[in-house]
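So the structure is just underneath, and the comments pick up after that.
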Amino acid sequence: VSDPVRGGDQAAATLAEAPDFDSYPVLHAIKDASPFPGGVRVLWDDGLECRYHVFWLRENAPDPQTMHPVTREQALQLLDLPDDLEAVAAGTDAAGNLVVGWSTGDESRYHPGWLYAHSHGAGGHFSLPPRKLWDAALQEDLPRFHGPTVLQDESAFTDWAEALHIHGLAILEDLPRTPDVIEYVPARLGPLRTSNFGRVFDVRSRPDADSNAYTDLALPLHCDLTTREYQPGLQFLHCLENESTGGDSFLADGFHIARHLSETAPELFAALTRIPVCFANKARETDHRWEAPMIRLDEDGECEEVRWSPWLRAPVVLSFEETALLYRALRAAFAAAEDPHHRIKVRLRPGELLGFDNRRILHGRSGFNTSSGARWLRGCSVEREELVSRLRIIERSKRGHDTATAGNAD
Ligand SMILES: [Fe+2]
């Protein structure tokens with residue numbers, strides 16, 4: 001292990017702060033550190049060798065001139081640093097921090113847990129539980145939770161939030177049958193997103209319907225608000241009444257359907273990831289439309305979003321050949337979604353709250369007959385990123401617990 005940069009400074013036998021509010025267990029120690037032109041080379045005790053760039057290190061230093069001590073946001077600006085900044089010394093102190101001496105005369109200390117977590121080749125730090133794609137077998141194993149417990153108990157809340165991410169859907173049971181539930185339960189994850197249908201919308205048949213949702217029609221599997229640049233993430237439906245004949249809900253995992261298509265009809269899958277479809281609403285006062293392929297993949301080729309609407313599409317303006325390919329792909333996709341092997345049927349009971357990821361899970365319903373009884377659902381949206389933020393905070397607090405436990409062990 002290298003000597004400390006300033007050998008006399010043994011007062012710094014505590015771990016440096018991290019330049020954020022997360023917790024970082026110290027999983028690995030620094031075996032060696034040395035400056036080189038443009039950076040600092042560090043050898044970790046698991047054999048990982050990393051080169052950290054001078055600007056990367058310098059702007060992430062946790063001292064109060066670089067990082068505001070209250071906000072922990074960066075106070076130093078990148079352009080405040082000289083072009084020719086160099087590390088002139090590097091080593092560790094008694095606490096195991098990386099210590100870097102700069103050509104400007106400054107010195108910075110870095111928490112080894114934070115440094116390792118942000119190291120190229122170390123495997124990342126911020127991963128969420130992997131999604132589990134599902135088909136009709138989920139019917140027997142629906143993620144259901146006791147609503148009042150989820151609202152009171154942190155670990156039950158975590159189970160519910162994780163199910164919303166992992167399976168893309170979850171049901172809360174035994175909630176009150178009052179119209180305000182839709183206001184305060186989803187809000188536990190984040191602020192409600194308003195649309196032209198309101199902050200909260202009532203799904204029931206009405207004579208002045210401005211959407212097929214507000215008729216008694218059957219609805220094929222679809223996503224809501226596909227006509228928006230940014231489709232709402234999580235959708236919640238709270239059942240207040242469901243006495244009518246029909247009116248069952250259907251759900252399918254759009255990411256599973258996409259994977260199924262990629263395996264059974266790769267040419268059609270590729271068309272759905274490539275050819276833009278114009279999703280457009282039809283209304284007298286608004287004209288929302290958005291052009292995008294129906295399936296969007298992330299940089300790793302994993303499904304990130306489906307935009308799925310059997311009935312809110314403007315006519316495509318494409319060559320005859322592209323039109324033919326797109327229609328083959330659309331028909332294959334819609335047929336796969338409605339295939340009983342892929343979808344599940346859920347009859348919501350009064351007091352149940354169904355939540356699902358509207359950019360992944362497709363929802364639909366059978367037609368219903370209002371003369372046989374009332375059907376009333378209340379709905380709202382919360383962005384997916386609010387759930388993801390909440391899950392990261394849950395992971396952070398688990399890491400905090402691990403860090404504290406490790407500290408006690410010492
Ligand atoms: Fe819908």
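Owing to the predicted nature of the structure, the values given are computational and were not obtained by experimental measurement. Counting starts at 1 for both ligands and their atoms, in listed order. Sequential numbering from 1 along the given sequence is applied to the chain's residues. Atoms considered below: every heavy atom in the structure, side chains included; atoms not considered: hydrogens, waters and symmetry mates.
Atoms NE2 of H363 and NE2 of H222, as seen from the Fe ion (ligand 1), are separated by an angle of 90°, to the nearest 10°.
Side-chain atoms of N60 and Y110 form no donor-acceptor pair, as typed in the model, at a separation below 3.5 Å.
Taking a 6.0 Å sphere around CG of D83, one finds it holds 12 or fewer heavy atoms contributed by other residues, nucleotides or ligands.
Nearest to the Fe ion (ligand 1), among the N, O or S atoms that D224 has, is OD1.
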Next item on the list: Go through the steps to decide whether W134 and H167 satisfy the test ring pair (Phe, Tyr, Trp, His ring centres under 6.0 Å), and finish with yes or no.
Entry: CA-CA 7 Å; W134 53 265; H167 301 286; 8.2 Å; no
Next item on the list: Carefully, step by step, assess H363 and F250 under the rule ring pair (Phe, Tyr, Trp, His ring centres under 6.0 Å).
Entry: CA-CA 6 Å; H363 66 287; F250 291 97; over 10 Å; no
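Here C223 fails the criterion, with no N, O or S atom under 2.8 Å of the Fe ion (ligand 1).
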